[in-house]
A.B. asks: 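For reference, the structure I am asking about is given below.
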Amino acid sequence: MKLDSPIFQDADAAREHLEAQRWPHGPNCPHCGNARADRITKMEGKAHRPGLYNCMECREQFTVTVGTVFERSKISLNKWMLATFLMTSSKKGMSAHQLHRMLGVTYKTAWFMAHRIREAMKEDVKSSGPLGGEGKTVEADETYIGKRETPREYARPRARKNWKPTKSGKAGGAQKRIIVGLVERGGKARMFHLNNATKDTVREVLVRNVPRTSTLYTDESRLYTLTGEEYAKHRTVKHSGGEYARREGGVVVHTNTIENVFSVFKRGMVGVYQHCGEAHLHRYLAEFDFRYNRRTALKVTDAERHDQLLAMIEGKRLTYRRIGEAGHA
């Protein structure tokens, strides 16, 4: 798909493309769920806006954008199509300033569009299923980025003389934001922003997303020691001892895959976005997860990735007030 495609230049072509993605078997009413072709009428003529349908079951009118992140937007659909394509095809993201220049909209509008698109990219266990499973390997690790804006909660007072931080203080940062990442080898990744990384909070992330029949690979952090015992196998690499990979029983034990996921994320956050409010960090994580899970290595093209996003826009309304109260990012 090229940037001179009709769906990026013409609002009618963009609407027809979106209808084909949302309604491959014909329009269905977002108000009552009616999908009978003989009970839905397309409103024709100059008196009606393009793409308007009338449902004869509930007597409500609708367009293809109703119930999606595009609903009630005054921005033309072809600009929405271009914005979604740019954000899904740019490996390290697309800044709101760049969207503002390329789309010919204000920075405030571009910023809001980007957040709506990130909301559509959001996946979880319910929508995309768990990571790993029997016979599969999941790597887990944590990373630290940016200056935190919310106070860190400590399980024990730091004033205690015998208190020691995780990893003996050799990694992490008390004033940085904490991100825990999971990745299935050869499969999908999922990242989470935690206010505090403890054995309990990390365990909750693991057990909610990774079946206990999986093999778990981590570093030597004590965050995973007890939780690892709940899984079929738990293997660790000792980074503090200079070990980053080893062959064991015909497989290679390492956490390089999740480190690569973190690498792309950090390069995007530092090189493209430069600043991100902590309240919005979860949406940026969802954006990088979305692209990684549909990466070129999995034989997903830019056009396919774009169309997969359009299939996820339903039921994810996001108003400016909801994200504006937390400040711009």
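Throughout, numbering of the chain's residues begins at 1 and tracks the sequence. All values reported here derive from a predicted model rather than from experimental measurement.
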A.B. asks: Could you grab the distance from atom CG of L86 to atom OG1 of T88, nearest 0.5 Å is fine?
C.D. replies: 8.0 Å
A.B. asks: Please determine whether the number of non-hydrogen atoms from other residues, nucleotides or ligands lying under 6.0 Å from atom CD of E248 exceeds 12.
C.D. replies: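 Buried by this count: over 12 neighbours within 6.0 Å.
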A.B. asks: Between CE of M81 and OG of S5, what distance do you get to the nearest 0.5 Å?
C.D. replies: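 So the CE of M81 and the OG of S5 are separated by 11.0 Å.
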A.B. asks: Output yes when a side-chain donor or acceptor of D10 lies under 3.5 Å from a complementary backbone atom of P6, and no otherwise.
C.D. replies: no
A.B. asks: Please examine the side chains of L52 and F62, heavy atoms only from C-beta on, and report whether any two atoms are closer than 4.5 Å.
C.D. replies: no
A.B. asks: Minimum heavy-atom separation for Y292 and G187, please, with both atom names.
C.D. replies: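 Closest heavy-atom pair between Y292 and G187: CE2-O, 3.8 Å.
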A.B. asks: Are the side chains of T109 and H100 in contact, using a 4.5 Å heavy-atom criterion?
C.D. replies: no
A.B. asks: So do the side chains of V272 and M94 get within less than 4.5 Å of each other, counting heavy atoms only?
C.D. replies: no
A.B. asks: Verify the distance criterion only: is there a donor paired with an acceptor across the side chains of R101 and Q98 at less than 3.5 Å?
C.D. replies: yes
A.B. asks: Please list all pairs meeting ring-ring contact (aromatic ring centres under 6.0 Å, His included) that have one or both residues in residues 188-243, counting only residues at least two apart or in different chains.
C.D. replies: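 Qualifying pairs, neighbours excluded: H239-Y244.
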A.B. asks: Can you confirm whether M191 sits close enough to H282 that some side-chain heavy atom of one is under 4.5 Å from a side-chain heavy atom of the other?
C.D. replies: no
A.B. asks: Could you tell me which non-hydrogen atom of A197 sits nearest to which non-hydrogen atom of L223, and how far apart they are?
C.D. replies: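 Heavy atoms of A197 and L223 come nearest at O-CD2, 3.6 Å.
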A.B. asks: Using a 4.5 Å cut-off between side-chain heavy atoms of Ile, Leu, Val, Met, Phe, Trp and Tyr, which other residues end up in the same hydrophobic cluster as V252?
C.D. replies: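 When side chains under 4.5 Å apart are linked, V252 ends up in no cluster with other residues.
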A.B. asks: Is the centre of the F85 ring less than 6.0 Å from the centre of the W80 ring?
C.D. replies: no
A.B. asks: Could you check E287 against R291 for salt bridge (Lys or Arg N to Asp or Glu O under 4.0 Å), going step by step and ending with a plain yes or no?
C.D. replies: CA-CA 7 Å; E287 175 189 349; R291 283 194 296 265; 2.7 Å; yes
A.B. asks: If we ignore hydrogens and angles and just use 3.5 Å, is the side chain of R116 paired with the main-chain N or O of V69 as donor and acceptor?
C.D. replies: yes
A.B. asks: Can we say E243 and K238 salt-bridge, meaning some charged N sits less than 4.0 Å from an Asp/Glu carboxylate O?
C.D. replies: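 Salt bridge: no.
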A.B. asks: Only distances under 3.5 Å count here; give the side-chain donor-acceptor pairs of residues 29-42 to other protein atoms, sequence neighbours excluded, each with its distance to 0.1 Å.
C.D. replies:
from	atom 1	to	atom 2	distance (Å)
H31	NE2	Q61	O	3.2
N34	OD1	R36	N	3.1
N34	ND2	R39	O	3.4
R36	NE	D38	OD1	3.3
R36	NH2	D38	OD2	2.8
R39	NE	E57	OE2	3.0
R39	NH2	M56	O	3.0

A.B. asks: Between R22 and E314, is the salt bridge (Lys or Arg N to Asp or Glu O under 4.0 Å) condition met? List the steps.
C.D. replies: CA-CA 9 Å; R22 285 200 68 196; E314 188 173 351; 3.2 Å; yes
A.B. asks: Below 4.5 Å, heavy atoms only, C-beta onward: do E184 and N209 meet side chain to side chain?
C.D. replies: no
A.B. asks: Salt-bridge test for E119 and K122: reply yes if a basic N is under 4.0 Å from a carboxylate O, no otherwise.
C.D. replies: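 A salt bridge is present here (some side-chain N lies under 4.0 Å from a carboxylate O).
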A.B. asks: Could you go through M269 and F288, starting from their C-alpha distance and side-chain angles, then the distance that decides it, and tell me whether this counts as side-chain contact (heavy atoms from CB on, under 4.5 Å)?
C.D. replies: CA-CA 10 Å; M269 295 304 293; F288 283 86; 4.0 Å; yes
A.B. asks: Is atom CZ of R208 surrounded by more than 12 heavy atoms (other residues, nucleotides or ligands) closer than 6.0 Å?
C.D. replies: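 No.
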A.B. asks: For salt bridge (Lys or Arg N to Asp or Glu O under 4.0 Å), just list the numbers for E229 and R212, CA-CA rounded to whole Å, side-chain angles, deciding distance to a tenth of an Å, and then say yes or no.
C.D. replies: CA-CA 9 Å; E229 296 176 358; R212 291 175 176 83; over 6 Å; no
A.B. asks: Thinking salt bridges, do R203 and D200 make one under a 4.0 Å N-O criterion?
C.D. replies: no
A.B. asks: Could you check whether T255 and D219, counting side-chain N and O atoms only, form a donor-acceptor pair closer than 3.5 Å?
C.D. replies: no
A.B. asks: With side-chain hydrogen bond (donor to acceptor under 3.5 Å, both in side chains) as the criterion, how do N260 and T257 come out once you've worked through the C-alpha distance, each side chain's angles and the decisive distance to 0.1 Å?
C.D. replies: CA-CA 5 Å; N260 290 338; T257 315; 5.7 Å; no
A.B. asks: Just how far is it from atom SG of C276 to atom OH of Y284, taken to the nearest 0.5 Å?
C.D. replies: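 Rounded to the nearest 0.5 Å, the SG-OH separation comes to 5.0 Å.
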A.B. asks: Under a 3.5 Å distance rule, please check whether N78 uses its side chain to pair with a backbone N or O of D12 as donor and acceptor.
C.D. replies: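 Not confirmed, N78 side chain does not pair with D12 backbone.
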A.B. asks: Kindly say whether I75 contributes a backbone atom to a donor-acceptor pair with the side chain of S73 at under 3.5 angstrom?
C.D. replies: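 At least one qualifying donor-acceptor pair exists.
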A.B. asks: Let me see the working for R190 and S128 under side-chain hydrogen bond (donor to acceptor under 3.5 Å, both in side chains), right down to the final yes or no.
C.D. replies: CA-CA 11 Å; R190 208 167 283 160; S128 62; 2.9 Å; yes
A.B. asks: Taking atom types as modelled, is there a side-chain donor on T236 or E220 under 3.5 Å from an acceptor on the other?
C.D. replies: no
A.B. asks: Between E278 and T150, is any side-chain donor less than 3.5 angstrom from a side-chain acceptor?
C.D. replies: yes
A.B. asks: Pairing donors with acceptors under 3.5 angstrom, does anything connect the side chains of T84 and H306?
C.D. replies: yes
A.B. asks: Ignoring hydrogens and angles, tell me if any N or O in the side chain of E304 forms a donor-acceptor pair with the backbone of T301 under 3.5 Å.
C.D. replies: yes
A.B. asks: Please round to the nearest 0.5 Å and tell me the distance separating atom CZ of F290 and atom CE of M312.
C.D. replies: 5.5 Å
A.B. asks: Check whether S90 reaches the backbone of M87 with its side chain - one donor and one acceptor, N or O, closer than 3.5 Å.
C.D. replies: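 Checking the backbone N and O of M87 against the side chain of S90, no donor-acceptor pair under 3.5 Å is found.
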A.B. asks: Is there a donor-acceptor pair closer than 3.5 Å between any side-chain N or O of T213 and the backbone N or O of E134?
C.D. replies: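 At least one qualifying donor-acceptor pair exists.
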A.B. asks: Can you find a pair of side-chain heavy atoms, one from R177 and one from K147, that are under 4.5 Å apart?
C.D. replies: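 They are not in contact (no side-chain heavy atoms under 4.5 Å apart), so the answer is no.
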A.B. asks: Using 4.0 Å as the upper bound for N to carboxylate O, is an ion pair formed by E139 and R185?
C.D. replies: yes
A.B. asks: Between T198 and N196, is any side-chain donor less than 3.5 angstrom from a side-chain acceptor?
C.D. replies: no
A.B. asks: Under the side-chain hydrogen bond (donor to acceptor under 3.5 Å, both in side chains) rule, what do K266 and T143 come out as? Steps first, then yes or no, please.
C.D. replies: CA-CA 10 Å; K266 287 186 174 181; T143 191; 2.7 Å; yes
A.B. asks: Any heavy-atom pair between the side chains of T215 and V138 that's under 4.5 Å?
C.D. replies: no
A.B. asks: Using side-chain heavy atoms (C-beta onward) and a distance below 4.5 Å, is R305 in contact with L309?
C.D. replies: no
